[in-house]
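The structure under discussion appears below in the form of structure tokens.
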Amino acid sequence: MASGIENKVKNAKLVLLGDVGTGKSSIVLRFVKGQFVEFQESTIGAAFFSQTLAVNDETVKFEIWDTAGQERYHSLAPMYYRGAAAAIIVYDVTNAATFTRAKKWVQELQAQGTINTVMALAGNKSDLVEARQVTAEEAQAYAQENGLFFMETSAKTAINVNDVFYEIAKRFLQAQAQQQQNTNGMILTDRAANRTTSSSSCCS
Amino acid sequence: METHRSEKDRVVLVPFTDFDPAKLAGYSPAVPLTIRSLAVFTASEVETLIYVGTGGGKLILLSLNPTLPSTSSDDSSNAPPIAPVQFLRSATVSNRVIESINVLPEIRRVIVLSDGFLFLVDTLLLQSIRKLGFAKDVTAISKRVLQPDSSISDPFGDGAVRAEFSRYGQTFLQKFGGGIRVNGTASRVSELQRGAGTGCFLAAATGKKLLLIELFLPSNVDLDAEHGSISIRWKEIQGIEGVKTMVWVGDSIIVGTSEGYILFSDVTGKGSLIFSLPESSPPLVRPLLRSSDVLLLFDKVGVVSNALGHPVGGSLIFQYVPESIAELHPYVIVARDGRLDLYRKKTGVYVQSLSLKKSSVGPCIVANDDQGTGDILVIGTTYKAFCCRKVSPEEQIKDLLRKKHFKEAVYLAEEFESEGEMTKEMLSFVHAQVGFLLLFELHFEEAVDHFLLSESMDPSEIFSFIMRDPNRWSQLAPRKRYWGLHPPPVPLEQVVDDGLQAIQRAMFLRKAGIVNATDEDFILNPPSRADLLKSAIENIIRYLLVCREKELLPPVKEGVDTLLIYLYRALNRVPDMERLASSENSCVVEELETLLDGSGHLRTLAFLYASKGMHSKALTIWRILAKNYSTGLWEDPIASVDYDSNSTSDLLSGQRVAAAEASKLLQESSDQVLVLEHLGWIADINQECAILVLTSEKRSKQLSPEEVIASIDPKKVEIHQRYLQWLIEDQGSEEMHLHTLYALSLARSAIELVERDSKLDNHLAERSNEMSASDVANKGALTYHVREKLQLFLQASDLYDPEVVLKVVEGSELWLEKAILYRKMGLEELVLEILALKLEDCEAAEQYCAEIGRQDAYMQLLDMYLNPKDGKNPMFKAAVRLLHNHGEFLDPLLLLEKLSHEMPLQVASGIVLRMLRARFHHHLQGQVVHNISRAISLDTQLARLEERSRNVQINDESVCDSCHSRLGTKLFAMYPDDSIVCYKCYRRLGESTSARGHNFKENPIFKPGWLVTR
């Protein structure tokens, strides 16, 4: 019986990338421990966490690598995003430079050919409304262009933090299912499913 | 060497000796030797070999015996006769720096890198050194670390795997680079022989390529043979330059250059970048043997990667960029500038820091056995080397416990257990040990918490704290002394006294300025002896209660329960004590008897006796308690403060409880003597209890009714009666004398009650206003109830002797009872007389006549009504009623004749009128019946006519239902059930039984059409 449950747990390697001080560690801390520290120390090397998330009747176990944002550690990043099932690229909505840096990360990931990686763009510190430099629309547009999903988060107020991980888990499982189907020789049932969901939202 | 540590620091590494290799080897101090490389090899449990490579190309072999007492070269005053480190021999490899030394235990060789060349030498430096000429400009070298979980994990273990390994080994050696260049020696060993033997793989970085080298020693060659017998094969991988450090794990060779770390596959020969290094970050890679991972240094960060280059866990963050790194499972040790730091590999937690004495500061190398065995770490500085020993988890915990850091010790034990370095049993052991220490520290609650966490602890281990040794269970308790950190068990009182003394002492010492590790709280707020003792007992009770639920050996169970009572008694927790004693338990009564008796906990003792089946003793106690309740013995001393007004009711209730408890015991006892012995006093207190005892059906063997009845106090009528009732009604006894006895007893009670009622009535008449109406009603109800019971019994039972009963009731007013008795005796006249004249119960009298069933009975009754004796007037009403109801048997003229001539007409008219009406009524009734009968008769005739006029069609096939002959033209008859028979058969069968066997006389048929219904 236990093995039956274990079978449903899927491991997903997840990496957080982004400029220094954008709040990667805070997002992870919020997600894994539900905590927030006002003065989070700068990450050195990479920190590792794991957290499980239940999506419907499946469980995803995230193995999370929270990388250091400092430029000196940039060269370490490939080791962490190589083979990752998901990446969260974090920028700080109050700092336009971090958004530029985030775009660079996206480019780097795309250049590495990590097509199967679920990529999320997270505009963190969304609670700091007055200091905002990057609009949600701008980021959304960029995300859409590049096939990322985008959310504005706040590790401090916990807004959207769990949602980002939940959405990643969902997309990860979908991708896995699709891969499974492809290997089974079934093609493109996903599109039909999308259509039904869109029509139902149309009625509402 | 000094150890720097904060309060929280743990001692994992303990320096135990140091040495100067030059001095030991006897080199002149004029030519100083510098330590440039180190290797450690655990040759056996008592010998560890240390190889020291010097700046001048010398290889010094030292032997360390870690079991010898520790020493330091500075500690000359107390130097032991044998130093743990001894010089074995030395060899000159080259005249340049020895950069690395690798021990190859598989082939009993050591490979040394110096001056860009590789040198092979035997482990004991006995043979000549052989230079491997094919490798030049070697910058780094690494042994291959085999992954324990892969199929090639144990290539030298058994034949099959070895064969696989050999094939595999050849595969990768043959795969790339235009053929294998084998040196001359290898050709001596035939390929066939390669299947058996031991070997190892090395990787060396030379200039612009990597060399993969296999050193193979066939099994038919002595391990200590000349180098010539070793076959050496190698392979090249091109395209890498400037390798400074390298590790070969499984099929991956990870090399570090100043640009970064590159992973090469020994199968494909292809390399891929793991990550690049920024400027001024020196590359350093170390294998982590246990997990087959590698540690890659990036600045002061240790990145852990698996053999495939994927990250494993978070980074280890050191406080500086280390010069040297070693793994001493489960720790990673980094060193720089004479400082050593220990980190937990898995969590990256900083554990311990050691720093070498300032005088010896210089470049620092740490080395340990690279087989992953051994607990020795050697630290080399420029001139001096230091040996440290890894303290085992047990020793680390012990150390913390000695310092009374209990929480830390437990935390550490849990950590060790969770990481698989300590067994679960050991964790249980630690919990128990901590528990005992805390107990002696007077922290009883925490102590018990730890006892409960220990799965291996047996409750008998704490028995000696409760009952002084030697006791019944002394032999039972396992003689576990744990780590001997606590004194042997003594009774809790003494534990508390000793503990308090220790606190006193500590306070005194503190005043004198000496601080020791005594509990701060206790010193600031010295606890009272009573509080401590109470806490101790309460917590031990808590422990024993939890233990009770576990599966224990019977003697341990006995100990637990007995000592629980013991402890409850100490705290005077009477309800708990009694609850335990009265429930299922394993107490040893002999241990508690005198104790409980002495302290007056008689109730508990009684419960205990009862639960152990010692009913006689239990009952004796209940009897004593019932008698002595007035002296207050029963009382709960806490409750004795109660108001006086309550105490009388309590007294009563106490006695009742005693009686109830005794009765419970007796209800199950088949011991007649015991039952009868105690019945008396129970009955004195509570008759209901006595009745329950007598009428219990729980006992296996019933009591003898004769003896029970004989023993019942004749005054206890209720018991007597209820017992007889039970015997007769529930047990269905048919003993005549029992029935008679019951009838007599009921009769006597009834008489008594009737007499009392009549007195009461008189009384009431005298002073009616003083008696409440309900009182009277109650009394009446009781009388009624008893009499009803008597009457029912007299009517229902045929087994009593009516004459005997009659004798008792004869003189009383129990007329109905008398009537029943006369009836039993068949004295009809007397019965009728009582019913008709005495009780004037016409209905009952008529009923009785109906029972007699003879006409003359009615006439007798009528006669009685009309001629009552004792000067009574004739009872005309009853007579008329009788005539009305049963007139068919009687002559109304008799009544009329009786009417007195003097009777006034208006009085007589009523009677006459009623009589005439009755007659008329009877007449009409008769007419109605007559007419109804006629109607039925007519219907019947009609039905008969219809039945007889039925037509029946027969044909050629029709046969007689009886003889089955064809009817043809024969005369035939048909029965009402439609069966047809020939005339002959009809004559034979007769009219009343049809051919189908229907007997119309016995079982008439009615057809739906007929009006006649029954």
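So you know, we letter chains A, B, ... as the sequences are listed, proteins then strands, and number each from 1.
- Between A:Glu108 and A:Lys104, none of the side-chain N atoms (NZ, or NE/NH1/NH2) sits under 4.0 Å from a carboxylate O, so this pair counts as no salt bridge.
- Top candidate by heavy-atom pairs under 4.5 Å with chain B, chosen from A:Leu76, A:Ile44, A:Asp66, is A:Leu76.
- The side-chain tip of A:Lys13 points at the ring of A:Trp65 from less than 6.0 angstrom away and within 45° of straight on.
- Shown here are the ring-ring contact (aromatic ring centres under 6.0 Å, His included) partners of A:Phe31, two or more places apart in sequence or in another chain: A:Phe165.
- If you measure heavy-atom distances from B:Ser280 to chain A, the contacts under 4.5 Å come from both the backbone and the side chain.
- In this structure, the side chain of A:Arg132 engages the main chain of A:Val134 through a donor-acceptor pair within 3.5 Å.
- If you tally non-hydrogen atom pairs under 4.5 Å between each of B:Gly260, B:Ser305, B:Gly309, B:Pro278 and chain A, the highest count goes to B:Pro278.
- Residues of residues 310-320 of chain B lying within less than 4.5 angstrom of chain A, judged on heavy atoms, are B:His310, B:Pro311, B:Val312, B:Gly313, B:Gly314, B:Ser315, B:Ile317 in numerical order.
- The distance from atom OG of B:Ser142 to atom CG of B:Leu202, rounded to the nearest 0.5 Å, is 8.0 Å.
- Here the side chain of A:Lys24 pairs a donor or acceptor atom with the backbone of A:Gly18 at under 3.5 angstrom.
- Of the listed residues (A:Phe99, A:Tyr142, A:Trp105), just one forms a ring pair (Phe, Tyr, Trp, His ring centres under 6.0 Å) with A:Tyr91, and that residue is A:Phe99.
- The line from CD1 of B:Ile262 to NZ of B:Lys270 is 15.5 Å long, rounded to the nearest 0.5 Å.
- Of the atoms belonging to A:Phe49, not a single heavy atom falls under 4.5 Å from chain B.
- For A:Ala47, the part lying under 4.5 angstrom from a heavy atom of chain B is the backbone only.
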